[in-house]
Asker: 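Here it is, the structure, as structure tokens.
Bear in mind the structure is a predicted one, so any value in this text is a computation, not a measurement. Hydrogens, waters and symmetry mates play no part in the numbers below; they use all other heavy atoms, side chains included.
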Amino acid sequence: MLKTNEIEPRHYRDAMARFAGAVHVVTTDGPAGKRGVTAIAACSVSDNPPTVLVCLNRENPSNDCFVENGVFALNTLAADHQELSNAFSGLTGLSPEERFAQARWETIATGAPTLSDALAVFDCHVVQTVELGTHRVYFGRVAGLSIGDKSSPLLYHERGYRVL
Ligand SMILES: Cc1cc2nc3c(=O)[nH]c(=O)nc-3n(C[C@H](O)[C@H](O)[C@H](O)COP(=O)(O)O)c2cc1C
């Protein structure tokens with residue numbers, strides 16, 4: 001049990017570990033290059049106009065291509081995508097090409113890679129970004145959608161993968 005009003009980053013992270021988050025791979029492609037990043041900091045903003053947001057670390061310069069390309073696809077992972085999540089989290093040391101080679105990809109509307117067997121895909125144009133702390137929040141207007149056949153999501157909770 002911890003109750004405090006002196007909030008250290010580690011307390012914040014410990015409290016946030018109690019969140020059960022859906023795991024996504026956020027992808028982009030365009031003049032600044034192709035990239036994918038595992039992310040749980042993503043959610044719905046509005047259904048009209050259809051808008052989602054995702055928060056990516058802006059201290060990693062490799063993430064600047066999401067701004068420069070102006071597009072991203074939020075690919076919501078299924079329970080059997082744990083290895084894919086690890087590949088795009090950078091933990092396995094794979095090159096970008098090797099990461100994308102782990103799955104089948106298509107495009108829908110923006111040219112960002114969309115995962116063929118995702119639970120759902122939100123293919124977006126970036127309409128606004130906000131820089132706050134270590135992260136940049138990307139607001140994306142959904143220009144293309146896909147709803148897959150799978151239904152069991154991959155979750156992340158208490159610093160580990162969980163399946164519903
Ligand atoms: C389960 C999980 C969730 C993550 N969520 C986020 C996130 O929401 N935003 C973010 O910027 N990085 C997040 N990361 C870290 C990025 O995936 C990681 O920093 C990035 O893929 C490193 O890529 P690089 O090796 O190409 O630089 C998460 C990692 C894991 C394992």
Side-chain angles (χ1 to χ4, degrees), residues 12-13 15-82 84-90 96 99-100 102-157 161-164:
Y12 173 86
R13 288 196 302 272
M16 202 45 83
R18 297 289 173 99
F19 264 49
V23 185
H24 315 268
V25 172
V26 189
T27 57
T28 188
D29 201 359
K34 182 156 100 167
R35 177 164 170 79
V37 175
T38 298
I40 52 172
C43 69
S44 168
V45 175
S46 159
D47 67 353
N48 188 18
T51 309
V52 297
L53 71 76
V54 60
C55 305
L56 295 180
N57 191 340
R58 67 189 175 106
E59 294 185 329
N60 184 345
S62 302
N63 287 339
D64 290 347
C65 63
F66 285 91
V67 180
E68 289 158 24
N69 290 338
V71 297
F72 69 83
L74 187 65
N75 298 278
T76 306
L77 299 191
D80 60 356
H81 284 139
Q82 195 170 317
L84 192 65
S85 172
N86 285 336
F88 281 96
S89 71
R99 296 177 195 188
F100 278 101
Q102 309 262 313
R104 210 158 62 80
W105 304 89
E106 300 163 40
T107 55
I108 301 175
T110 70
T114 58
L115 180 63
S116 303
D117 64 344
L119 275 194
V121 177
F122 305 86
D123 189 19
C124 300
H125 291 286
V126 176
V127 288
Q128 200 176 330
T129 60
V130 176
E131 303 201 349
L132 215 158
T134 52
H135 279 56
R136 185 183 289 122
V137 188
Y138 296 76
F139 293 88
R141 170 76 62 89
V142 182
L145 260 186
S146 102
I147 301 173
D149 295 330
K150 297 179 180 176
S151 63
S152 180
L154 182 64
L155 302 181
Y156 199 73
H157 180 239
Y161 293 108
R162 311 277 180 248
V163 169
L164 258 190

Asker: Test: side chain to side chain donor-acceptor pair (under 3.5 Å). Region: residues 142-152. Which pairs qualify, not counting sequence neighbours?
Answerer: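 Those involving residues 142-152 are Asp80-Lys150, Asp117-Lys150.
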Asker: Does any pair with a residue in residues 128-157 pass ring-ring contact (aromatic ring centres under 6.0 Å, His included), and if so which ones, sequence neighbours excluded?
Answerer: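 Pairs touching residues 128-157 that pass the test: Tyr156-Tyr161.
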Asker: Could you pull out all residues at least two apart from Thr76 that satisfy side-chain contact (heavy atoms from CB on, under 4.5 Å)?
Answerer: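 With sequence neighbours excluded, Thr76 shows a side-chain contact (heavy atoms from CB on, under 4.5 Å) to His24, Leu119, Ala120, Phe122, given in chain and number order.
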Asker: Heavy atoms, side chains only, cut-off 4.5 Å: are Leu77 and Pro153 in contact?
Answerer: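 No, their side chains stay 4.5 Å or more apart.
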Asker: So, using side-chain hydrogen bond (donor to acceptor under 3.5 Å, both in side chains) as the criterion, who are the partners of Glu106 when residues are at least two apart?
Answerer: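 Expected list: Ser116.
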Asker: Quick one: list whatever passes side-chain contact (heavy atoms from CB on, under 4.5 Å) with Ala109, sequence neighbours left out.
Answerer: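 Residues passing side-chain contact (heavy atoms from CB on, under 4.5 Å) with Ala109: Asp123, Ala143.
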Asker: Check side-chain hydrogen bond (donor to acceptor under 3.5 Å, both in side chains) between Thr114 and all other residues, then give those that pass, not counting sequence neighbours.
Answerer: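 Scan of Thr114 (side-chain hydrogen bond (donor to acceptor under 3.5 Å, both in side chains), adjacent residues dropped) gives none.
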Asker: List the residues meeting side-chain contact (heavy atoms from CB on, under 4.5 Å) with Arg13, not counting sequence neighbours, and say none if there are none.
Answerer: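 Arg13 satisfies side-chain contact (heavy atoms from CB on, under 4.5 Å) with Pro9, Arg10, Arg159 once adjacent residues are dropped.
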Asker: Are more than 12 heavy atoms, taken from residues, nucleotides or ligands other than Arg104, located less than 6.0 Å from that residue's CZ atom?
Answerer: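 Count not over threshold, so no.
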Asker: Just wondering, more than 12 heavy atoms not from Ile147 lying within 6.0 Å of its CD1?
Answerer: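 For Ile147, atom CD1 is not crowded (no more than 12 foreign heavy atoms under 6.0 Å).
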Asker: Could you work out, with salt bridge (charged side-chain N to carboxylate O under 4.0 Å, His left out) as the rule, every residue matching Glu131, not counting sequence neighbours?
Answerer: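 Only Arg58, Arg136 meet the salt bridge (charged side-chain N to carboxylate O under 4.0 Å, His left out) criterion with Glu131.
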Asker: If you define the side chain from C-beta out and look only at heavy atoms, does anything of Ile108 sit under 4.5 Å from Leu145?
Answerer: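 Result no, sub-4.5 Å side-chain heavy-atom pair not found.
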Asker: Got a sec, which pairs hit side chain to side chain donor-acceptor pair (under 3.5 Å) with one end in residues 39-53, sequence neighbours left out?
Answerer: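 Every candidate side chain to side chain donor-acceptor pair (under 3.5 Å) pair involving residues 39-53 fails, so no pair, neighbours aside, qualifies.
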Asker: Can you give me every donor-acceptor pair (side chain of residues 34-42, partner residue at least two apart or in another chain, under 3.5 Å) with its distance?
Answerer:
unit_1: Arg35; atom_1: NE; unit_2: Ser62; atom_2: O; d: 3.4
unit_1: Arg35; atom_1: NE; unit_2: Asn63; atom_2: OD1; d: 2.9
unit_1: Arg35; atom_1: NH2; unit_2: Asn63; atom_2: OD1; d: 3.0
unit_1: Thr38; atom_1: OG1; unit_2: Ser85; atom_2: O; d: 2.7
unit_1: Thr38; atom_1: OG1; unit_2: Phe88; atom_2: O; d: 3.4
unit_1: Thr38; atom_1: OG1; unit_2: Ser89; atom_2: N; d: 3.3

Asker: To the nearest 0.5 angstrom, please state how far the OG1 atom of Thr27 sits from the CG atom of Leu115.
Answerer: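 Spacing of OG1 (Thr27) from CG (Leu115) equals 8.5 Å.
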Asker: Side-chain contact test, heavy atoms from C-beta onward, threshold under 4.5 Å: evaluate it for Phe72 versus Leu56 and give yes or no.
Answerer: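 No; the side chains remain at least 4.5 Å from each other.
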